[in-house]
Peer 1: 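For reference, the structure I am asking about is given below.
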Amino acid sequence: MPNMTPEEARTLLDRLKHAGNVDDPVYAEVDEAIIAMLETIAGMTYEYAVQVRWDSGDKHRQITTWHQVTEWSTDPNPFRPGKRLGREERIIRRLVSQPEEVKP
């Protein structure tokens, strides 16, 4: 079985949650699906970026938002060499899988 898509995983999870008992045929699919899910997760890597905190609002209401200021990078320190985090900055990360070609 090739790597499982998020849609396939959601469908299987929904079917599993609604299965009546262990004799339900969905349980036979779970063994195969576990391998596909683990292969997908094992192939994922982290990407990192820097965000800067921006506060706005007035004396009655304060709004805090974070804005990404660097491109995503595989380097856990996406700053230029020697730069350190400022008080209003943070490093974030996300899990990504290998790119797939999508045909229109």
Side-chain angles (χ1 to χ4, degrees):
M1 175 182 256
N3 288 345
M4 179 173 278
T5 66
E7 294 81 12
E8 292 168 333
R10 283 190 287 274
T11 299
L12 182 57
L13 181 59
D14 187 55
R15 290 180 52 219
L16 194 56
K17 285 180 177 178
H18 293 93
N21 57 50
V22 293
D23 295 329
D24 192 299
V26 72
Y27 284 99
E29 294 176 51
V30 171
D31 287 338
E32 260 185 73
I34 287 171
I35 292 169
M37 287 184 276
L38 291 174
E39 287 173 346
T40 299
I41 293 167
M44 298 176 92
T45 57
Y46 284 109
E47 288 184 340
Y48 302 85
V50 176
Q51 290 183 336
V52 173
R53 180 180 170 162
W54 184 67
D55 294 322
S56 63
D58 55 34
K59 65 181 182 178
H60 302 291
R61 182 178 57 147
Q62 186 68 30
I63 301 169
T64 298
T65 55
W66 290 89
H67 298 276
Q68 188 169 323
V69 294
T70 64
E71 296 292 324
W72 289 103
S73 166
T74 56
D75 185 345
N77 183 2
F79 280 121
R80 59 185 181 274
K83 171 100 169 76
R84 299 176 109 161
L85 278 178
R87 208 179 104 207
E88 303 293 321
E89 298 171 322
R90 67 181 181 183
I91 296 175
I92 58 170
R93 70 179 183 183
R94 67 180 178 183
L95 281 169
V96 295
S97 60
Q98 294 301 313
E100 294 179 23
E101 182 180 356
V102 178
K103 301 196 183 213

Peer 1: Mind jotting down which residue pairs meet the salt bridge (charged side-chain N to carboxylate O under 4.0 Å, His left out) criterion with at least one end in residues 45-57? Sequence neighbours excluded, please.
Peer 2: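 Found E47-R94, R53-D55, R53-E88.
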Peer 1: Can you tell me if Q62 has over 12 outside heavy atoms packed within less than 6.0 Å of its CD?
Peer 2: yes
Peer 1: Only pairs at least two apart or in different chains count here, so list each salt bridge (charged side-chain N to carboxylate O under 4.0 Å, His left out) that has a residue in residues 61-78.
Peer 2: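 Every candidate salt bridge (charged side-chain N to carboxylate O under 4.0 Å, His left out) pair involving residues 61-78 fails, so no pair, neighbours aside, qualifies.
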Peer 1: To the nearest 0.5 Å, what is the distance between OG1 on T70 and CD1 on I92?
Peer 2: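 Rounded to the nearest 0.5 Å, the OG1-CD1 separation comes out at 7.5 Å.
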Peer 1: What heavy-atom pair brings G43 and Q98 nearest, and what distance separates the two atoms?
Peer 2: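 Taking every non-hydrogen atom into account, O-NE2, 4.2 Å.
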Peer 1: Has the side chain of S73 got a donor or acceptor atom that lies under 3.5 Å from a matching backbone atom of P78?
Peer 2: no
Peer 1: Would you say that Y46 contacts L95 through its side chain, given a criterion of any heavy-atom pair below 4.5 Å between the two side chains?
Peer 2: yes
Peer 1: What distance separates W72 CH2 from Y48 OH, expressed to the nearest 0.5 Å?
Peer 2: 10.5 Å
Peer 1: Using 0.5 Å steps for rounding, measure from the CZ atom of R93 to the OG1 atom of T45.
Peer 2: 11.5 Å
Peer 1: Restricting to non-hydrogen atoms, name the atom on E89 and the atom on R84 that form the minimum distance, rounded to 0.1 Å.
Peer 2: OE1-O, 3.9 Å
Peer 1: Does one hydrophobic cluster hold both V52 and L85, with members joined at side-chain heavy-atom distances below 4.5 Å?
Peer 2: yes
Peer 1: Is the count of non-hydrogen atoms from other residues, nucleotides or ligands lying under 6.0 Å from W54 atom CH2 greater than 12?
Peer 2: no
Peer 1: Do the non-hydrogen side-chain atoms of D14 and R10 ever get within less than 4.5 Å of each other?
Peer 2: no
